[in-house]
J.: 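Before anything else, here's the structure in question.
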Amino acid sequence: MLHKNFIGYMNKFDLPIFKLITLLFIVMYLNACKDTSKANKLEEKKPNIIFIMADDLGYGELGAYGQKVIQTPNIDQLAKEGKKFTNFYAGGPVCGPSRACLMTGLHQGNGFIKGNPGGKPEKETLRPQDLTFPEELKKAGYYNACIGKWGLGPKGSTGYPLEKGFDYFVGYDTHIAAHNYYPKKICKNNEWMALEEGTYSHTVFTNEALDFLNKKQESPFFLYLAYTIPHSPHNPPSMVPYEQMDWPDKAKKYAAMITLMDTDIGLIMSALKKQGLDKNTLVIFTSDNGADVQVGKISEEWHHLFNNNGRYRGGKRSVYDGGIHVPFIAWWPERIKPDTIDEVLAFQNIMPTMMELAGLEKPVKTDGISIVPLLFDTKDTFVGHKMLYWEFIRQSKEGGAQQAALDVKTGYKAVRFGSKSEIKLYNILKDPEEVNRIYKGKENEVLTLKNYLDIMRTESSYWPMPDYGWSQHNPWEPLD
């Protein structure tokens, strides 16, 4: 507000032009201060975060990543309007360790959960000392909800969502429970929620997410929407919109599951915008590992229709890229500009990213690097990974193991089956399909990666590393 004595002073000298110019500058100055104040408040406001994760969705199963026949218009729109990452890696080639890496920021070598539990809860349960980023977000005032598949600690354990930073949970507590799309009951906080016979659990999760968004949020929120689609069994309520396709019914059902998930993500985005939350909400979409092909649930007779894992070799349970290379999309209108990011990243990046967005210090114990500079186009300040590590230990009578390490700068990737087996070397920059094994002339690269594989693993009584590969035929080996 202008002081009266100042205006009177100008009237005394009867300088109308001077007075007009001065008033103009004062108004401009006050408006600028007002705008700056608004901007500062906007910067100080913590973003809401929605993290949507599919289960066993391959890199090539979205239109934005090259899919030709399965319809995913809503996810494709997120990719068009946001950042599409082309070299993002899951935490592991199966559900358990991948999700543990996501939550704790520790890769498989350092993380407690190194594989799927095989029905043994002690092997899939996060301990009190296993810090998750939702636990940290609570310190910044976030309200955290987990809807869908958890799988990092059953009800009553130290790894249950309510013990790991979540204020609200509806879904499956274990991997095995999540294998049933028509359960009689699911967890709701510390109780059981009964479901009517024939209820499709995916629809319950979508409705829960919509209810959550339609409630007025007094504090910033983190919504972890962990869908179970398209994990087997492939038995959706209908085959819409593929009923008339000349495909096997199993293929129609599989495609219908993915399109149903996409449709429901469209509903979630509509609710977000209707509530006026979209301008201050970061939405992320990804998958926990590659599609379950070759040794899994997708039949050889029809998976070629979908090219599930794109050009990448292998699939779920494989440390070749088909098992760990996943789609990753980040959307935030007016804050994240549309772009394609080729930087090599992985699930361990999520924890430090979430903490930076919430204004928290990076935890001392993490293998991740915040990708905030990549989200907000300050790439010059981003220092990426040097090495990445994955493994898979076979939980069956055949036993055996796989390990992989990637030298991010050079593109050399080592794969071995068992800790004492020979190194198989590839260069994924020149050969992303991993079909041309390098036999000669790269002894130094082999030695570097072998040494990395040898030292990057914290030993575990639950997850001992076998010194041999699979005793049965490995379906990904004939290419070599």
J.: Output the distance between atom CG (Leu449) and atom CE (Met387), rounded to the nearest 0.5 Å.
T.: 5.0 Å
J.: What distance do Ile229 atom CD1 and His202 atom NE2 have between them, rounded to the nearest 0.5 Å?
T.: 4.0 Å
J.: Are side-chain N/O atoms of Glu196 and Thr199 paired as donor and acceptor at under 3.5 Å?
T.: no
J.: Using the six-membered ring wherever Trp is involved, compare the ring planes of His234 and Tyr254 and label them parallel, tilted or perpendicular (cut-offs 30° and 60°).
T.: perpendicular
J.: Glu197: which residues meet the side chain to side chain contact (heavy atoms under 4.5 Å, CB included) condition with it, sequence neighbours left out?
T.: none
J.: Are any of the side-chain heavy atoms of Gln108 and Cys101 separated by less than 4.5 Å?
T.: no
J.: Would you say the side chains of Gln403 and Tyr389 form a donor-acceptor pair under 3.5 Å?
T.: yes
J.: For the residue pair Met351 and Thr132, establish whether any side-chain heavy-atom pair is separated by less than 4.5 Å.
T.: no
J.: Looking at every heavy atom in both Val94 and Asn289, which two are closest together, and how far apart are they?
T.: C-OD1, 3.3 Å
J.: Looking at Ala79 and Ala64, what are the two nearest heavy atoms and their distance?
T.: CB-CB, 3.6 Å
J.: A side-chain contact here means heavy atoms from C-beta on lying under 4.5 Å apart; do Pro464 and Ile393 qualify?
T.: no
J.: Could you list all the side chain to side chain donor-acceptor pair (under 3.5 Å) pairs where at least one residue sits in residues 113-125, not counting sequence neighbours?
T.: Lys123-Gln395
J.: For the backbone of Asp56 and the side chain of His231, can you confirm whether one donor and one acceptor N or O come within less than 3.5 Å of each other?
T.: no
J.: For the OG1 atom of Thr104 and the CD1 atom of Ile350, what is their distance to the nearest 0.5 Å?
T.: 12.0 Å
J.: Looking at Asp167 and Lys138, is there a salt bridge between them, counting it only when a charged N and a carboxylate O are closer than 4.0 Å?
T.: yes
J.: Under the rule for ring pair (Phe, Tyr, Trp, His ring centres under 6.0 Å), what residues qualify as partners of Phe306, not counting sequence neighbours?
T.: Trp247, Trp302
J.: Give me the atom names and distance for the closest heavy-atom approach of Lys252 to Met245.
T.: CE-O, 2.8 Å
J.: Above 12 or not: heavy atoms from other molecules or residues under 6.0 Å from CD of Glu243?
T.: yes
J.: Is a side-chain donor or acceptor of Asp431 paired with a backbone partner of Asn436 at a separation under 3.5 angstrom?
T.: yes
J.: Is it true that Lys155 and Asp173 have a side-chain N and a carboxylate O under 4.0 angstrom from each other?
T.: no
J.: Looking only at side chains, do Thr72 and Asp76 share a donor and an acceptor under 3.5 Å apart?
T.: yes
J.: Donor-acceptor pair, Asn451 side chain versus Thr448 backbone, under 3.5 Å?
T.: no
J.: Applying ring pair (Phe, Tyr, Trp, His ring centres under 6.0 Å), can you list everything that pairs with Phe205, at least two apart in sequence or on another chain?
T.: Tyr172
J.: With a 4.5 Å heavy-atom cut-off, do Asp321 and Glu434 have their side chains touching?
T.: yes
J.: Hey, does Tyr142 have a side-chain heavy atom less than 4.5 Å from the side chain of Pro47?
T.: yes
J.: Among Tyr168, Phe169, Tyr224, Phe222, find the residue that satisfies the side chain to side chain contact (heavy atoms under 4.5 Å, CB included) test when tested with Asn144.
T.: Phe222
J.: Any salt bridge linking Asp454 with Arg416? Criterion: basic side-chain nitrogen under 4.0 Å from a carboxylate oxygen.
T.: yes
J.: What pair of heavy atoms forms the shortest contact from Leu425 to Lys442, and how long is it?
T.: CD2-CB, 3.6 Å
J.: Tell me which pairs pass salt bridge (Lys or Arg N to Asp or Glu O under 4.0 Å) where either residue lies in residues 78-92, with sequence neighbours left out.
T.: Lys83-Asp377
J.: For Thr259 and Tyr242, does a side-chain donor sit closer than 3.5 Å to a side-chain acceptor?
T.: yes
J.: Testing Asp55, Asp264, Thr206 one by one against Tyr227 for a side chain to side chain donor-acceptor pair (under 3.5 Å), which residue passes?
T.: Thr206
J.: Is the shortest side-chain heavy-atom distance between Met103 and Phe133 below 4.5 Å?
T.: yes
J.: Would you check if Phe88 and Phe347 make a side-chain contact, meaning some heavy-atom pair closer than 4.5 Å?
T.: yes
J.: Quick one: pull up OG1 in Thr228 and OH in Tyr200 and give me the separation to the nearest 0.5 Å.
T.: 6.5 Å
J.: For Leu131 and Lys365, run side-chain contact (heavy atoms from CB on, under 4.5 Å): C-alpha distance rounded to whole Å, both residues' side-chain angles, the deciding distance at 0.1 Å, then the answer.
T.: CA-CA 9 Å; Leu131 182 69; Lys365 191 176 181 182; over 6 Å; no
J.: Going by ring pair (Phe, Tyr, Trp, His ring centres under 6.0 Å), name the residues that satisfy it together with Trp331, two or more places apart in sequence or in a different chain.
T.: none
J.: Test side-chain contact (heavy atoms from CB on, under 4.5 Å) on Asn48 and Leu272 and set out the steps.
T.: CA-CA 11 Å; Asn48 304 311; Leu272 191 68; over 6 Å; no
J.: Could you check whether any side-chain N or O of Tyr65 sits under 3.5 Å from a backbone N or O of Asn309, counting only pairs where one atom can act as donor and the other as acceptor?
T.: no
J.: So, the side chain of Ser98 versus the backbone of Ala90: is there a donor-acceptor pair under 3.5 Å, distance only?
T.: no
J.: Would you say the side-chain atoms of Thr286 pair up with the backbone N or O of Pro327, donor to acceptor, closer than 3.5 Å?
T.: yes
J.: Between OG1 of Thr158 and CG of Leu126, what distance do you get to the nearest 0.5 Å?
T.: 7.5 Å
J.: Kindly indicate, with the supporting measurements, whether the criterion side-chain contact (heavy atoms from CB on, under 4.5 Å) is fulfilled by Met193 and Glu208.
T.: CA-CA 12 Å; Met193 181 169 75; Glu208 282 284 339; 4.3 Å; yes
J.: Of all heavy-atom pairs between Gly315 and Val293, which one has the smallest distance, and what is that distance?
T.: CA-CG2, 4.0 Å
J.: side-chain contact (heavy atoms from CB on, under 4.5 Å) between Asn427 and Glu445: does it pass, once the steps are laid out?
T.: CA-CA 10 Å; Asn427 188 321; Glu445 287 79 1; over 6 Å; no
J.: Mind listing the closest non-hydrogen atom pair of Ser419 and Met465 along with its distance?
T.: CB-CG, 3.9 Å
J.: So, Gln67 side chain and Gly60 main chain: donor-acceptor pair closer than 3.5 Å or not?
T.: yes
J.: Hey, does Ile49 have a side-chain heavy atom less than 4.5 Å from the side chain of Thr281?
T.: no
J.: Return yes if some donor-acceptor pair links the side-chain N/O of Tyr59 with the main-chain N/O of Thr86 below 3.5 Å, else return no.
T.: yes
J.: Using modelled atom types and a 3.5 Å cut-off, is there a donor and acceptor pairing between side-chain atoms of Lys362 and backbone atoms of Gly368?
T.: yes
J.: Does the distance from a Lys or Arg side-chain N to an Asp or Glu carboxylate O, for Arg317 and Asp292, drop under 4.0 Å?
T.: yes
J.: To the nearest 0.5 Å, tell me how far Ile428 CD1 sits from Asp407 CG.
T.: 10.0 Å
J.: Using modelled atom types only, decide if a donor and an acceptor are shared between the side chain of Tyr182 and the backbone of Asn235 within a distance under 3.5 Å.
T.: yes
